[in-house]
Each structure stands twice: as C-alpha cells, then as structure tokens.
K.L.:
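Mind having a look at this structure? Questions to follow.
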Protein chains: 2
Amino acid sequence: MSTRPRSTRPSVGITEVARHAGVSPGTVSNVLNRPERVAEATRARVEAAIAELDYVRNSSGSSLRSGRSGSVGLLVLDVTNPFFTEVARGVEDEAAGAGLAVVLLNSAEAQDRQRRNVRLLAEQRAAGAVVMPVDDDLSDLLWLSHQGTSWVALDRGDVAEDVGCSVSVDNHAGGLAAGRHLIGLGHERVTFLTGPFAIEQVRRRHQGLLDAFTESGMDPGAHVRVVEQPLLNPQQGERAVDAVLAGGPRQRPQAVFCANDQLALGLMKGLGRRGLRVPDDISVVGYDNVDLADLVHPGLTTVAQPKYDLGRAAMRLLRSELDDPGHRHERVLFTPELVVRGSTAAYRS
Amino acid sequence: MSTRPRSTRPSVGITEVARHAGVSPGTVSNVLNRPERVAEATRARVEAAIAELDYVRNSSGSSLRSGRSGSVGLLVLDVTNPFFTEVARGVEDEAAGAGLAVVLLNSAEAQDRQRRNVRLLAEQRAAGAVVMPVDDDLSDLLWLSHQGTSWVALDRGDVAEDVGCSVSVDNHAGGLAAGRHLIGLGHERVTFLTGPFAIEQVRRRHQGLLDAFTESGMDPGAHVRVVEQPLLNPQQGERAVDAVLAGGPRQRPQAVFCANDQLALGLMKGLGRRGLRVPDDISVVGYDNVDLADLVHPGLTTVAQPKYDLGRAAMRLLRSELDDPGHRHERVLFTPELVVRGSTAAYRS
DNA sequence: CACCCGGATTGAAACGTGTCAACAACCATC
DNA sequence: GATGGTTGTTGACACGTTTCAATCCGGGTG
C-alpha cells in the first residue's frame with residue numbers, strides 16, 4: 001500500500017501549445033483539424049510543441065464548441081451473447097476506418113437500461129449510434145433523432161424508411177429454411193423453443209416455421225407447439241426441457257427449432273441429462289451459428305447469420321448518414337443460410 | 001427512401017431553463033448537482049422547466065468545466081471472449097450503483113489498439129478505467145495515470161502497489177490445482193496448450209502446472225510439454241491438434257491442460273475429428289469455466305474463475321480510488337476453484 | 001510606386017457548464 | 001429595533017476548443 005501521488009495535472013491546453021510555439025491558438029487548432037491550411041514551417045513548429053508538452057486534445061472542448069462529439073454508440077442487447085459481440089467486431093472495424101470512436105453500451109435486454117443508455121448518448125451529444133432495440137417500442141430512438149443523434153437499427157427490418165436506416169437479416173426466410181429442413185427429414189411434430197415474443201425477430205422466425213408447414217399442405221396449428229422462455233440464454237434452454245418434453249413420449253416433439261443457439265445448446269444439455277440422444281431421439285436446430293455451434297458434439301444444425309458483415313454494413317450506413325448531406329434512409333436485408341451439422345437427422349418412428 | 005428532416009436542434013441549455021423558471025443559471029446548476037442546497041419551491045419550479053423544455057444535460061459542458069468526465073472506461077482484451085463479457089457484467093452492475101457510465105473499449109488483443117483506446121480515454125478525460133492489459137508493458141497505463149485518469153488493472157497481479165490497484169485471480173494456484181488433479185488421476189505426460197507466453201497469466205498457470213509435478217517428486221522437464229499458439233481462441237485450439245499429437249501414439253500426451261476454455265473446446269473438437277475420445281484416450285482440462293464448458297459433451301473439467309465478482313471488485317476499487325481522498329492502492333487476489341466434469345478420467349495404460 | 005491578390009495567421013467571440021464570493025432575505029435573540 | 005446567524009440565490013468568470021472576419025505579408029501587375 002502506498003499513498004497516491006495525485007500527480008499534478010498540468011492541464012496543458014491548446015493555448016499553452018500556441019504560446020510555446022509562438023503562434024496563436026487558432027493556428028494550433030488548424031494544425032489539428034485542417035493541416036493543409038497551415039504552412040509547412042509553422043506546422044512543424046506546432047507539432048514539435050505538441051510533442052514536447054505532451055499535449056493531449058480535450059474532446060470536451062471540441063464537442064462543446066461543435067455541438068457534436070466524435071464518437072458513436074453501439075447499443076447492444078446483451079454483451080454476453082456471442083452473436084452481438086461478433087457484430088460489435090464488424091462495427092468497430094468499419095468505424096476505425098473513419099476515425100470514429102465506438103463506445104459499447106449494454107442494454108442487458110432490459111427496457112430501462114436501454115433508455116438510460118439512449119439518454120447517455122444524448123447527453124454526450126454522440127454523433128450517431130448503432131442500435132439493437134430491445135423491443136417494438138421505438139420511442140426512445142425517435143427521441144434520439146429529435147436530439148440530433150442519428151442511428152441505424154440493427155436486426156429490426158420493420159423500421160420504416162422515413163424514420164431511419166436499418167440493417168437486418170431476413171428472419172422469416174431463416175425460419176422457413178429451418179422448417180423446410182425439418183419437414184424434409186420427415187419430422188411432423190416440431191416445437192419452437194423461444195424467448196419472449198415481444199422480440200420481433202422471434203416472431204418472424206416463428207412465422208417462417210409455420211409457413212414451411214403451410215406450404216407443405218400441413219396445418220401448422222396441428223404440428224407446431226411453442227415453448228416460451230423469458231430470456232434467450234443457455235440456462236433457460238436447459239430449464240425448458242421439461243416443458244418441451246411435456247405430455248409424455250407420445251406427444252413428445254420429434255424436433256425442436258430454437259430461436260437462438262444459446263437456447264439450443266442449453267436444451268441439448270438438458271436432453272442429454274434426461275438420457276435422450278440428439279439427433280437419434282430428437283433433432284435440434286438453432287439460430288445464429290455462433291462459434292460454439294461447431295464445437296459441441298454433435299455439431300449444431302443452425303441458421304447462420306452474417307454477423308460480422310451485419311455490423312460492418314450498419315456502420316457503413318451510419319457513416320453515410322453522418323457524412324453525406326443528401327443521405328436517404330435505407331433498408332439493407334441479408335439472407336441467412338442454413339448450416340446442417342449433426343444435430344438433425346431423418347425421423348425414424 | 002426519404003430525405004432526412006435534419007430536425008432543428010433547439011439546443012436548450014441551462015441558461016434557457018433558468019430564464020424559463022425565472023431563476024439564475026447557477027441555481028439550475030445547483031438543482032442538478034446539489035439539490036439539497038436549493039429550497040423546495042424553487043427546485044420544483046426548475047424541475048418543471050426542465051421537463052417542459054425537454055432539457056438534456058450537455059456532458060461536454062460539465063466535463064470541460066470540471067476537468068473530468070463522469071464515465072469510466074472498461075478496456076477489454078477481447079469482446080468476443082465470454083470470460084471478459086462476464087467480467088463486464090460485474091463492472092457494469094457495480095458502476096450503475098455509483099451513477100457512472102461505463103464505456104466498453106475493445107483491444108482485440110492488439111497492442112496498438114490498446115494504445116489507441118488509452119489515448120481515447122485521456123482525450124475524454126475519463127474519470128477512471130478498468131483495464132486488462134494486453135501484455136507486460138505497463139507504460140500506457142503509467143502515462144494514463146500521469147494524465148490524471150486512475151485505473152484498476154484486472155487479472156494482473158504483478159502490478160506494484162505503488163503504481164496502481166489490481167484485482168486478479170491466483171493463476172499459479174489454478175495451474176497447481178489442475179496439475180494435482182491430473183497427477184492424481186495417474187497422468188504422467190501432460191501437454192500445456194497455450195496462447196502467447198507474453199501474457200503473464202499464461203506464464204503463471206504454466207508454472208503452477210510445473211510445480212505440481214515438482215511437489216510430487218517428478219521432474220517437470222521430463223513430463224510437461226508446451227504447445228504455444230498465437231491467440232487464445234477455439235480456432236487455434238482446433239488447429240493445435242497436430243502439434244499436440246506430434247510424435248505418434250508413444251509420445252502422445254495422456255492429458256492436455258489448456259490455458260483457457262476456448263482453446264480446450266477447440267482442441268476437443270479437433271481430437272474428435274481425429275477419432276480420439278475424451279476422456280478415454282486423452283484427458284482435457286480448461287481454464288475460466290465459461291458458460292459453455294458445462295454445455296459440451298463431455299463437460300469440460302476446468303479451473304473456475306469468479307468472473308462476475310472479479311468485475312465487481314475491480315469497479316469497487318476504482319470507486320474507492322475516485323471518491324476516497326485517502327485511498328491507498330490495493331491488491332485483491334481471488335482463489336480459483338477446480339470444477340471437475342467429464343473431460344478428465346484416470347489414466348489407463 | 002501604388003495597387004491588389006491570395007495565402008497564412010490572428011484575435012475575439014461563442015459554446016454550456018460549475019464554482020464561488022457576495023449578497024439578500026429571513027429568523028431568533030437580546 | 002439593532003445584531004448576528006442561517007439559508008437561498010445571484011452573477012460573473014473560467015474551462016479548451018472552433019469559427020470567422022479581419023489583418024498581415026510578400027510578390028506580381030499596371
């Protein structure tokens with residue numbers, strides 16, 4: 001233990017640099033922001049002074065003056081979920097190219113935390129934000145636009161184009177692909193294991209699954225059951241095993257389509273505990289294709305989303321919105337892809 | 001597509017609120033920051049004005065004036081790694097109690113990105129930071145202290161107490177526990193599969209493993225081999241399978257101790273591909289106890305770290321450093337715990 | 001030689017907030 | 001009714017940056 005020296009912050013500012021270089025503060029500002037406007041010789045002098053004094057720019061000052069800060073927020077539904085962290089990588093890489101700083105804010109799937117974070121962005125006068133909305137309520141985002149912070153919605157295809165940009169993956173197509181795959185394998189009793197239906201993505205995936213049955217001439221109502229859990233994590237997946245198997249062997253589903261991989265992985269564990277074998281006794285399909293879907297045994301059949309590209313595209317759109325005065329809101333839609341691994345197999349009665 | 005309205009930012013500030021409430025700007029500031037100093041009636045009046053004008057505080061202004069911003073940085077080695085995201089949760093929860101905003105910055109295990117992020121924190125005059133250093137080089141952190149931003153190092157027990165606080169888990173003890181466990185099961189040829197030795201944690205875990213052999217009267221040099229990969233992710237683990245198995249069945253290790261769970265999970269997959277069964281043919285031990293260690297089959301025996309508590313403790317220390325003028329740097333050390341699951345078994349010749 | 005031109009630099013004014021010494025109003029006490 | 005103390009409010013200023021109109025300078029032109 002030792003006392004802290006509480007190092008005396010010299011707080012060297014632009015003015016002190018100016019004095020040291022024998023130049024006016026305005027010139028220093030120009031060196032920093034529009035170097036081409038200042039003569040070679042003076043620029044060198046100023047840069048020397050900056051180095052010597054170990055000057056570090058005060059972003060409060062500049063954003064106060066300019067009314068906007070140079071950082072963008074990335075509002076993520078859940079830092080713990082590998083899907084989002086992969087998206088985050090894409091956003092960061094694209095932002096780095098534009099010299100924008102990314103601050104990652106975590107909503108923890110909670111409405112009130114999202115609201116707090118949105119408020120924070122407004123207080124910081126953030127240049128923009130990439131947001132994965134917690135639920136259908138877009139009022140937070142509208143308020144944010146009204147405060148002058150532009151945003152791009154991620155994975156929310158239903159955002160009208162006169163409201164804002166959006167980048168998303170076709171969730172209906174994903175559900176459809178999963179459904180067709182299972183039907184093609186001969187499964188007729190399928191359970192959809194999901195998080196809250198308040199989440200739009202979940203509803204679309206569900207609808208895709210239903211439509212796969214319809215297009216095969218089967219009544220979805222008779223073939224698809226739903227088990228809804230409060231959160232989309234592995235623990236909930238494991239816990240759901242009772243509900244999934246309810247009704248005894250007769251009623252037991254032949255396959256389970258999960259709203260994300262986390263649920264699917266948890267469910268697989270729960271099934272293993274019950275002595276049920278995947279895919280022999282029951283097939284499982286996930287959604288997202290997280291890294292670990294490929295590491296478990298059997299490998300998890302899942303609907304792959306272009307996570308990294310999703311992030312990049314969102315940030316690219318945001319950059320356009322910030323830089324291009326003639327920008328028009330855009331809607332970008334990716335198509336997911338089914339990745340077949342060992343967790344699904346043909347139904348054997 | 002539609003043009004963006006570019007809503008006219010009215011930019012209502014503290015002064016306008018003051019005018020609207022028939023009060024001076026100073027009073028509004030007091031209402032915001034030291035409500036107890038202002039009379040009930042005027043406070044109500046001011047608050048009404050704030051609500052009516054939809055005033056939102058400008059944090060640039062306040063941090064410019066005060067010299068410090070109210071947010072703390074969390075510098076993470078890799079957002080993609082579940083270990084860090086769990087720590088992040090702990091940090092966030094503890095910060096929320098103090099009204100501090102947490103911004104998550106990602107170093108992506110790269111020195112230059114860490115440096116960029118540290119610089120960013122300095123420019124924003126962040127109040128403090130919780131940092132997981134990329135490597136042994138602490139110069140970035142020292143510079144940060146010198147700029148007046150205090151920090152707490154995470155998982156780096158070697159930070160001297162006259163330099164800064166640190167919270168870490170006893171990595172040597174973890175390696176020792178893993179080693180004892182394997183030796184107790186009769187394993188005598190163990191491979192340590194790891195990321196770069198530049199990472200201090202890795203070195204300590206390794207040393208713990210070696211010491212387990214020593215204390216059993218065996219020469220570590222004869223019993224422990226090392227396979228080093230450039231990164232600590234599942235892909236690297238899978239790729240490492242060749243190196244781990246090199247030398248043919250005779251030389252093949254009886255057990256592998258991995259520097260983290262990501263490597264271990266990847267390795268297990270690679271072994272499966274080669275037709276080797278865990279734990280029958282080879283035992284595997286991981287480190288961290290991420291959620292998914294419990295979800296794979298067989299479950300991964302691993303050294304559990306109190307991830308969430310680690311984050312909380314770090315943030316608590318940082319709060320003390322920020323609030324308490326008599327603060328002395330502290331070193332907090334957690335002890336890890338071995339969690340035995342199905343991936344390890346007694347050696348059968 | 002007066003004039004002008006264009007590029008480089010300057011200086012002052014703002015941005016929104018927090019601080020603090022000074023002041024006003026009120027109350028209790030003598 | 002004067003004194004002193006308490007409580008609430010004020011107003012001016014400083015913080016570091018950016019912006020922009022004004023100024024300076026050196027050289028080319030008429």
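Lettering follows sequence order; numbering is per chain, from 1.
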K.L.:
Indicate whether any N or O donor in one side chain lies under 3.5 Å from an N or O acceptor in the other, for R68(B) and T149(B).
P.N.:
yes
K.L.:
What are the residues of residues 32-50 of chain B, sorted by number, that bring a heavy atom to within less than 4.0 Å of DNA chain D?
P.N.:
V38(B), A39(B), T42(B)
K.L.:
Measure from CD on E16(A) to P on dC15(D) and round the result to the nearest Å.
P.N.:
12 Å
K.L.:
Between R65(B) and V23(B), which residue's closest nucleotide on DNA chain D lies nearer the 5′ terminus?
P.N.:
V23(B)
K.L.:
Of all the nucleotides listed (dT17(D), dG16(C), dT10(D)), which has the minimum atom distance to the side chain of N30(B)?
P.N.:
dT10(D)
K.L.:
Below the 4.0 Å mark, does dT17(C) have OP1 or OP2 next to a side-chain nitrogen or oxygen of S62(B)?
P.N.:
no
K.L.:
Answer yes or no: is there a donor N or O on one side and an acceptor on the other, between the side chain of Q114(A) and the main chain of V134(A), under 3.5 Å?
P.N.:
yes
K.L.:
Quick one: which of R119(A), R116(A), R115(A), R113(A) gives a salt bridge (charged side-chain N to carboxylate O under 4.0 Å, His left out) with D140(A)?
P.N.:
R115(A)
K.L.:
For the side chain of L64(A), counting heavy atoms from C-beta on, which of dT17(D), dG16(D), dG18(C) is nearest?
P.N.:
dG16(D)
K.L.:
Could you tell me how far apart N58(A) (CG) and dG16(C) (P) are, to the nearest whole angstrom?
P.N.:
17 Å
K.L.:
May I ask you to evaluate whether S29(A) reaches the phosphate of dT18(D), defined as a side-chain N or O under 4.0 Å from OP1 or OP2?
P.N.:
yes
K.L.:
Choosing from dT9(C), dG16(D), dT17(C), which nucleotide comes nearest the side chain of T27(A)?
P.N.:
dT9(C)
K.L.:
Using whole Å, report how far CZ of R125(A) lies from P of dG16(C).
P.N.:
8 Å
K.L.:
Is a side-chain N or O of S145(A) found less than 3.5 angstrom from the main chain of L141(A), in a donor-acceptor match?
P.N.:
yes
K.L.:
For V56(B) and R125(A), what are the C-alpha separation, side-chain angles and deciding distance, and is it a side chain to side chain contact (heavy atoms under 4.5 Å, CB included)?
P.N.:
CA-CA 10 Å; V56(B) 9; R125(A) 304 294 192 262; 3.5 Å; yes
K.L.:
Within the pair R68(A) and dT17(D), is there a side-chain N or O less than 4.0 Å away from OP1 or OP2?
P.N.:
no
K.L.:
Indicate, with a heavy-atom threshold strictly under 4.0 Å, whether S66(B) touches base, sugar-phosphate, or nothing.
P.N.:
nothing
K.L.:
Round to a whole Å and report the spacing from CG of L53(A) to P of dG16(D).
P.N.:
14 Å
K.L.:
Distance check, rounded to the nearest 0.5 Å: E109(A) atom CD versus L77(A) atom CG?
P.N.:
5.0 Å
K.L.:
Five pairs at each end of the helix from dC1(C)-dG30(D) to dC30(C)-dG1(D): take the axis at both ends and give me the angle between them to 10°.
P.N.:
60°
K.L.:
Separation of I14(A) atom CD1 from dT9(C) atom C1', in whole Å?
P.N.:
14 Å
K.L.:
Hey, what do you get for CD1 (I14(A)) to CZ (R57(A)), rounding to the nearest 0.5 Å?
P.N.:
8.5 Å
K.L.:
Start with the C-alpha gap between R156(A) and D136(A), add the side-chain angles, then the distance that decides, and say whether salt bridge (Lys or Arg N to Asp or Glu O under 4.0 Å) holds.
P.N.:
CA-CA 9 Å; R156(A) 281 295 301 269; D136(A) 284 346; 3.6 Å; yes
K.L.:
Thinking salt bridges, do R89(A) and E92(A) make one under a 4.0 Å N-O criterion?
P.N.:
no
